[in-house]
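Heads up, the thing below is written out as structure tokens.
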There are 4 protein chains.
Amino acid sequence: MTMSLAERRKAELRREIIDAAFTCFVENGYHATGIADIAARLGIGHGTFYRYFENKRDIVEHVINDLVAKILETLAADNAPEAVSTLEAYRDQSQRIGEALGRILLEDPRIPRMIILEAPGIDTAMGQRILEFNEMAAGLTADYLRHGVELGYLRADLDIDGTARAINGMILGSALAAVHNPDPADQRRLSAALRRVMYDGIAAR
Amino acid sequence: MTMSLAERRKAELRREIIDAAFTCFVENGYHATGIADIAARLGIGHGTFYRYFENKRDIVEHVINDLVAKILETLAADNAPEAVSTLEAYRDQSQRIGEALGRILLEDPRIPRMIILEAPGIDTAMGQRILEFNEMAAGLTADYLRHGVELGYLRADLDIDGTARAINGMILGSALAAVHNPDPADQRRLSAALRRVMYDGIAAR
Amino acid sequence: MTMSLAERRKAELRREIIDAAFTCFVENGYHATGIADIAARLGIGHGTFYRYFENKRDIVEHVINDLVAKILETLAADNAPEAVSTLEAYRDQSQRIGEALGRILLEDPRIPRMIILEAPGIDTAMGQRILEFNEMAAGLTADYLRHGVELGYLRADLDIDGTARAINGMILGSALAAVHNPDPADQRRLSAALRRVMYDGIAAR
Amino acid sequence: MTMSLAERRKAELRREIIDAAFTCFVENGYHATGIADIAARLGIGHGTFYRYFENKRDIVEHVINDLVAKILETLAADNAPEAVSTLEAYRDQSQRIGEALGRILLEDPRIPRMIILEAPGIDTAMGQRILEFNEMAAGLTADYLRHGVELGYLRADLDIDGTARAINGMILGSALAAVHNPDPADQRRLSAALRRVMYDGIAAR
DNA sequence: TATGAATGAGCGTTCATTCAT
DNA sequence: AATGAATGAACGCTCATTCAT
């Protein structure tokens, strides 16, 4: 837990390099960003960069790791699919998850921009990783849906995997809309529309 | 309509270069693909490439243009939102559009891979273009929904823009799933789940 | 003397290619001129060029040869240094030569531009050739001066070689001035000043 | 005035690159010289070149700038046209200028070679610059002549501009002769012939 | 430890030249 | 004979990475 002053400094600079890289990648794209750009943003020599990270590929890996961890943390907090056992609590949990996602994805549109728009084009390995992250997210959502079905809150004949992907797709669409237009009011409206589609569908009764 | 032999040859090679570039970009990514790779795939000299396209940026523009045109053509065929005036026809139209999208997006997973995963990372201009394509797609879907509301087929209180983005998001999610797993059976299942969510929602009754 | 129609056509096109190349080289420089530019100016295919000239180096050689021949012809006409034997005739000859040089060098400023400004930068061989042309010109002028001394028209203690170079330098300066400012009136004035310096010097008496 | 060691090193290498480029351009021509040739001559990596100069055009600009500055410095030293007010001093000044020009132009024949033979063929912009340098030189010489006329040392009816160009032409001719044959004895003889023509003309009395 | 000067692999692009039609 | 499509050598330039200070 305790670190020497030097260690704390080092950790802090490491953090700042990741943040600066994140910003550069989002603003100019991974390939258009040079190591020198990242260093310049922090006012450090670009040789210093290599004392903290192996190479350019390494830093973007850390940027992505941090973002993914942030998202997973948010979702995992007290939101494990089995953490609730009443319809009431399930609804609340859904609401909480939606709000949490909104906070990270929509409040800082650089995050979806990085993950959705920038990351896949970095190289094939990262593209694959993003696809796998999507699969994992589908799995998480499927777990929630499965629990919902068990609780009797969701339709018993639900295609859990397919529906999970549909729901995640809607979230993806929201995130993309937020990237293009970060107006909070529009995001709230969009979020409501999404829940409405999810729960009630679009058909007239 | 009629072209000389030389003109046909030229047009044909042009086509082949676009296809080869498309394949290279999808397989290795835009930035990892050199002009020499595209030329080598066709067995032509890399100088020849420049007789057909201005530069590397030019070819990817054509690749994207062709894909976008292909998608819009499919959607536009006989599927203008005002082209139907009965519930029956509206439902059929929705089905047709869904199937058409399936054909192009899911039958050739290189297409969503290129547009969703590769294109945004090419440069900021292309990233912007993809976002705008997404906006345009939202507009198209909104037109369909608006027509559906007018016909009384869809809920009168539908948030048209938000719902359009939700639906497009679901399609995006399907496309992403198809990129990761191109099994046609899974795609059909997913497509059905998506329609079910759309029409009926997920809530138990 | 007689040529078939085809032969005349060929010779004519050859001539036109040389002229077009001359114009291109003067307007844009040798290195900035492509074979395609020369062909385009004539409306012929650039492959045709190679039926008339070996390569790019070959054409510029011909352009220079033609210009040099033109200049030498002018000077040589009836102006051989031994062609006159009275002071009167010598003066007339000098005048004739000056006027003839004026006609070719100053009436078409592209000629000095090509020989003085463009040619030396083509490659080391051409640079050498231009230097040797300058030497040859110095020799010609020296011959005239020598004859002038023999006739008693020029100072007996004249440094013939040095003076020849000085005179040629003045002509070179005139040509350069004409390249920069092709106004005929200025050129006449300059030509007069040059003769005055030559005959009388600049010192007050 | 004081620079750190690193700054001195940097300035020194910069100087060496300019010199190496100068030598390469003179020996092989601007267009036949690659950046790699310049770097190889110094035993540095060719990437290093770009740490000191923007591009190939930039270096040649610096080479020319340095040469022009060197020439102007030499002429300007204590040789302003108004700096003398007696015939004696005027003659001395002329002599000084001639000797100074001789020192730079004739002692290092690479300088006239670069400015007269190489520079104009670099591109149209540089060609123009050389022409303008010639104009400026004509202006400088004209200033000297004008002063000479005012002092009564030169003919009152002198065509100042024309005579200035004639004199500069003679200098140009000397420089060209020096490029072809750098023998100092010949250069001195030539220089004397030039002054003789200038002051006395060539005509027998 | 921080720096930035040095490096060279790598790539986009041009264009003189060839040759099948 | 004329054409222009095809070619690839050649070169300018970038930038991630190394390492001496």
Side-chain angles (χ1 to χ4, degrees), chain A residues 6 9-10 13 30-40 42-59, chain B residues 4-7 9-10 13-14 17 31-40 42-59, chain C residues 6-7 9-10 13 30-40 42-59, chain D residues 4-7 9-10 13-14 31-40 42-59:
Chain A
R9 280 257 174 82
K10 205 168 159 67
L13 181 49
Y30 173 75
H31 289 102
T33 297
I35 297 300
D37 298 323
I38 298 170
L42 292 173
I44 65 174
H46 68 274
T48 308
F49 171 91
Y50 286 91
R51 303 204 136 271
Y52 291 82
F53 297 94
E54 287 283 311
N55 50 39
K56 192 179 175 185
R57 191 51 220 279
D58 188 30
I59 180 75
Chain B
S4 77
L5 176 64
E7 280 171 327
R9 279 256 175 82
K10 209 167 155 65
L13 180 49
R14 201 183 150 82
I17 293 175
H31 289 101
T33 298
I35 298 300
D37 298 324
I38 298 171
L42 293 173
I44 64 175
H46 67 274
T48 306
F49 171 89
Y50 287 92
R51 292 187 55 75
Y52 291 82
F53 297 95
E54 287 283 312
N55 49 41
K56 192 180 174 184
R57 189 55 217 278
D58 188 30
I59 182 73
Chain C
E7 280 171 330
R9 281 257 175 81
K10 206 168 157 67
L13 180 49
Y30 173 75
H31 289 102
T33 297
I35 298 300
D37 298 323
I38 298 171
L42 292 173
I44 65 173
H46 67 274
T48 307
F49 171 91
Y50 286 91
R51 303 204 136 271
Y52 290 82
F53 296 94
E54 286 283 312
N55 50 41
K56 192 179 175 183
R57 191 52 219 280
D58 188 29
I59 181 72
Chain D
S4 77
L5 176 64
E7 280 170 328
R9 279 257 175 83
K10 210 168 155 65
L13 180 48
R14 200 184 151 82
H31 288 102
T33 297
I35 297 301
D37 298 324
I38 299 171
L42 293 173
I44 64 174
H46 67 274
T48 306
F49 171 90
Y50 287 94
R51 292 187 55 75
Y52 291 82
F53 297 94
E54 287 282 312
N55 50 41
K56 192 180 173 182
R57 190 53 218 277
D58 189 29
I59 182 72

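A note on names: the letters A, B, ... follow the listed sequences, proteins ahead of strands, and every chain is numbered from 1. Any value given below was found using the heavy atoms of this structure, including those in side chains, with hydrogens, waters and symmetry copies removed.
- Within 6.0 Å of CZ in A:Arg57 there are more than 12 heavy atoms belonging to other residues, nucleotides or ligands.
- In the set F:dA5, E:dT13, E:dT17, E:dT17 carries the atom at the smallest distance from any side-chain atom of C:Ile35.
- The base of F:dA2 is not paired with the side chain of C:His46 by any donor and acceptor separated by under 3.5 Å.
- Counting only heavy atoms from C-beta outward, the side chains of D:Ile59 and D:Phe49 approach each other to under 4.5 Å.
- Between the B:Lys10 side chain and the B:Leu5 main chain, no donor and acceptor come within less than 3.5 Å of each other.
- Comparing F:dA5, F:dA2, E:dA5 against the side chain of B:Lys10 picks out F:dA5 as the nearest.
- When the C1' atom of E:dT14 is taken as reference, atom CG of C:Asp37 falls 12 Å away, rounded to whole Å.
- Rounded to whole Å, the distance from NE2 on C:His31 to P on E:dT14 is 18 Å.
- Nucleotide E:dA9 holds its P atom 20 Å from the NZ atom of A:Lys56, rounded to whole Å.
- A cation-pi arrangement is present between A:Lys56 and A:Tyr30, with the terminal nitrogen or guanidinium carbon under 6.0 Å from the aromatic centre and inside a 45° cone about the axis.
- Contact annotation for B:Arg9: no contact, since no heavy-atom pair falls under 4.0 Å across all strands.
- Heavy-atom distances to DNA chain F give each of B:Gly45 and A:Phe49 a nearest nucleotide, and the one nearer the 5′ end belongs to B:Gly45.
- Across all strands shown, F:dG8 forms a Watson-Crick or G-U wobble pair, both distances under 3.5 Å, with E:dC15.
- Where C:Ala36 and D:Thr48 each meet DNA chain E at their nearest nucleotide, the meeting point lying more 5' is that of D:Thr48.
- In this structure, OH on A:Tyr52 lies 4.0 Å from CG on A:Leu13, to the nearest 0.5 angstrom.
- Distance from the side chain of A:Tyr50 is smallest for F:dT18 among the nucleotides E:dT17, F:dT18, F:dT7.
- Both D:Gly47 and B:Gly47 lie close to DNA chain E; mapped to their nearest nucleotides by heavy-atom distance, the more 5′-ward contact belongs to D:Gly47.
- Nucleotide E:dT3 is matched to F:dA20 when pairs are restricted to Watson-Crick or G-U wobble geometry with both distances under 3.5 angstrom.
- Atom CD1 of D:Ile38 and atom P of F:dC13 are 11 Å apart (whole Å).
- Between the CG atom of B:Leu5 and the C1' atom of F:dT3 there is a distance of 15 Å, rounded to whole Å.
- Residue B:Tyr52 contributes atom OH, which lies 9 Å from atom P of F:dT7 at whole-angstrom precision.
- Here the C1' atom of nucleotide E:dG4 and the CG atom of A:Leu42 are 16 Å apart, to the nearest Å.
- Straight-line distance from the CZ atom of B:Arg14 to the P atom of F:dA6: 13 Å, rounded to whole Å.
- OP1 or OP2 of E:dT1 sits under 4.0 Å from a side-chain N or O of A:Arg51.
- B:Phe53 comes within contact range of no nucleotide atom at all, as no heavy-atom separation falls under 4.0 Å.
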